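Below is one structure, written out as structure tokens; the observations come after it.
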Amino acid sequence: MNLPNPFKLLWLQFRSEWRLYARDRGAMFWTFLFPLLMLFGFGVIFRSGGPPALTLVRIAPAQETARDRAFLQALENSRLKVVTLSAADAEQRWAKGETTAQLESAGDGYRLRLNSYLIAQGQVVALAASQAFMVAQARLKGLPEPERIPVVVESPGHVHSENYAAFLVPGLIGLNLLSMGLFAVGMVTVAYREKGKFRRLAVTPLPKWVFLLAQILQRVTVVILQTALLLLAARFGFGIVNQGSYAVFAGLVIFGTATFLAMGFALSSFASTVETYGAISNLAFFPLMLLSGVYFRIDNAPQWMQKVVFVLPLAPYLRALRAVFNDGATLAGHGTGMAIIGVWAMLSFVLAVKRFRWV
């Protein structure tokens with residue numbers, strides 16, 4: 001019996017994989033709609049191009065003095081949002097943990113009270129309040145006001161102002177690639193093996209390479225559609241476009257896809273049931289998602305943690321992707337990160353090939 005052309009078989013198998021994928025409404029939602037909801041949800045909430053407003057709670061003094069009024073005026077001229085409350089209301093707000101920094105009179109001067117849980121923001125507020133105090137003192141004494149250093153908020157590559165949606169887009173693209181590798185590849189591979197689909201495939205005339213290549217091509221087209229949808233949503237929803245080379249950006253997406261697909265195949269070799277793989281994949285997925293900078297930077301984390309995270313594949317990948325997309329940079333200076341990702345891709349591929357089994 002003559003088999004059809006292998007490329008025709010590849011097309012038929014590819015089309016079959018897409019039909020099976022499209023029938024899974026949950027997969028379609030998490031693949032295409034959920035990243036868009038995250039982009040528009042967080043992008044609208046943090047749409048402002050400037051830094052978030054920092055609030056200073058000021059306890060109203062028993063009697064306003066000239067110094068109090070001058071200090072308040074200087075505070076209001078700064079970047080701070082000043083909220084004046086009575087001592088009782090301020091204490092109630094403090095007890096709820098809603099206050100970052102609180103200004104109160106102390107003898108002949110003032111005292112700043114910083115929330116230990118919000119110390120990073122509190123230190124910024126304290127610095128701004130100290131500068132405002134010096135300005136107020138200079139005004140009261142009729143002296144020239146101290147010069148303030150101009151503050152400009154922009155991305156590391158000087159291309160555009162900081163915008164959280166712009167920061168989020170590469171993070172979501174990287175997260176999509178990771179999810180595709182660990183769940184859409186690894187989970188499906190284990191499910192097929194557990195249900196005996198691979199065993200039945202072994203006794204059919206369908207070439208194994210056709211079956212595997214059709215799966216890979218289907219996942220690649222999903223990645224292309226995911227990325228295109230995010231880029232279009234960013235462009236028309238927030239006016240965000242790729243600042244760098246589209247060729248380099250596309251190369252990074254392909255590189256990331258290959259790396260995380262290989263990771264999915266490798267992890268699937270350690271599980272014989274879907275339940276076991278679910279635990280293994282989540283053990284890998286959540287640390288990578290939370291610590292690699294998908295939604296926020298970890299600059300305030302301990303140095304040892306930042307170094308550990310950087311040897312994981314997603315963190316250097318997102319750093320390179322953001323450099324190209326947000327700052328119009330090249331991959332110069334990202335050699336170490338690219339090497340780390342390459343090592344993960346190679347080790348995952350070798351491990352997947354060595355441990356792969358049909359049954």
Side-chain angles (χ1 to χ4, degrees), residues 17 21 27 30-31 34-35 170-194 198 208-209 211-227 250-295 298 307-322 331 334 336-358:
E17 292 291 339
Y21 192 81
W30 291 106
T31 300
F34 182 72
L172 290 176
I173 291 174
L175 186 63
N176 286 342
L177 300 186
L178 177 66
S179 301
M180 180 62 60
L182 296 189
F183 298 116
V185 171
M187 186 73 76
V188 170
T189 300
V190 174
Y192 280 2
R193 187 184 298 121
E194 183 181 11
F198 286 159
K208 295 177 182 178
W209 70 267
F211 176 76
L212 291 176
L213 184 57
Q215 285 200 69
I216 293 172
L217 289 176
Q218 191 271 336
R219 271 57 169 190
V220 169
T221 55
V222 169
V223 167
I224 293 172
L225 289 175
Q226 278 182 325
T227 305
L252 278 174
V253 172
I254 293 171
F255 188 29
T257 302
T259 300
F260 295 120
L261 288 182
M263 286 182 62
F265 278 119
L267 285 179
S268 70
S269 67
F270 290 93
S272 56
T273 65
V274 171
E275 290 76 12
T276 302
Y277 183 78
I280 294 174
S281 59
N282 284 326
L283 187 63
F285 177 77
F286 283 103
L288 287 172
M289 178 187 69
L290 295 174
L291 299 178
S292 299
V294 173
Y295 300 108
I298 59 168
K307 292 178 180 178
V308 169
V309 169
F310 190 71
V311 301
L312 301 177
L314 189 56
Y317 180 75
L318 293 183
R319 186 173 296 183
L321 196 63
R322 285 192 173 107
L331 294 181
H334 293 272
T336 301
M338 292 295 97
I340 290 173
I341 301 168
V343 169
W344 275 96
M346 182 180 63
L347 291 179
S348 297
F349 179 77
V350 171
L351 185 63
V353 171
K354 185 176 181 179
R355 292 182 56 88
F356 184 80
R357 63 188 188 281
W358 289 106

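Here, residue 1 is the first one in the sequence, and each next residue gets the next number. Please read these numbers as outputs of a predicted model, since none were measured by experiment.
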task = Examine distances only and state if a side-chain atom of S348 and a backbone atom of A345 form a donor-acceptor pair shorter than 3.5 Å.
result = no

ask   = How about T257 and M180: do any of their side-chain heavy atoms sit closer than 4.5 Å?
value = no

note = In terms of heavy-atom contacts, R193 and S268 come closest through NH1-O, 3.4 Å

ask   = Does the pair V253 and V223 meet the rule for a side-chain contact (heavy atoms from CB on, under 4.5 Å), with working shown?
value = CA-CA 9 Å; V253 172; V223 167; 3.9 Å; yes

note = Heavy-atom nearest pair, I340 first then P316, reads CG2-CG, 4.3 Å

ask   = To the nearest 0.5 Å, what is the distance between CE (M263) and OG (S281)?
value = 11.0 Å

ask   = Considering only heavy atoms from C-beta outward, does the side chain of F270 approach that of L351 to under 4.5 Å?
value = yes

ask   = Are any non-hydrogen side-chain atoms of F285 and F183 less than 4.5 angstrom apart?
value = yes

request  = Give, for atom CG of L177 and atom OG1 of T227, the distance between the pair rounded to the nearest 0.5 Å.
outcome  = 6.0 Å

request  = Would you check if T189 and F198 make a side-chain contact, meaning some heavy-atom pair closer than 4.5 Å?
outcome  = yes

request  = Measure from the side-chain N and O atoms of W344 to the backbone N and O of A262, and report whether any donor-acceptor pair falls under 3.5 Å.
outcome  = no

Expected output: side-chain R219 to main-chain A184 donor-acceptor under 3.5 Å = yes

note = Heavy atoms of S292 and L318 approach each other most closely as O-CD1, 3.7 Å

ask   = Can you tell me how far the CG atom of L312 sits from the CD1 atom of I341, to the nearest 0.5 Å?
value = 11.0 Å

task = Answer whether the closest heavy-atom distance between the side chains of M346 and F349 falls below 4.5 Å.
result = no

task = For the residue pair T259 and Y317, confirm or rule out a side-chain donor-acceptor distance under 3.5 Å.
result = no

query = Taking it one step at a time, do Y192 and Q215 satisfy side-chain contact (heavy atoms from CB on, under 4.5 Å)?
reply = CA-CA 12 Å; Y192 280 2; Q215 285 200 69; 3.9 Å; yes

request  = Find out whether L288 and P313 are in side-chain contact, i.e. whether some heavy atom of one side chain is under 4.5 Å from a heavy atom of the other.
outcome  = yes

inquiry  = Can you give me the closest heavy-atom contact between P35 and N176, atom names plus distance?
reply    = CG-OD1, 3.4 Å

key: For V185 against G264, the heavy-atom pair lying closest together   = CG1-C, 4.5 Å

query = Which value, rounded to the nearest 0.5 Å, describes the distance between M187 atom CE and L267 atom CG?
reply = 11.0 Å

note = So CG of L213 and CD of E17: to nearest 0.5 Å the spacing works out to 11.0 Å

remark   = The reported gap from OG1 in T221 to CD1 in I216 (rounded to nearest 0.5 angstrom) is 12.0 Å

Within 6.0 angstrom of Y295 OH, more than 12 heavy atoms from elsewhere = yes

Atom of A284, atom of L182 and distance for their closest heavy-atom approach = CB-CD1, 4.3 Å

query = Is L252 close to M338 at the side-chain level, that is, under 4.5 Å between some pair of heavy atoms?
reply = yes

ask   = So, do V294 and L314 sit near enough that their side-chain heavy atoms are less than 4.5 Å apart?
value = yes

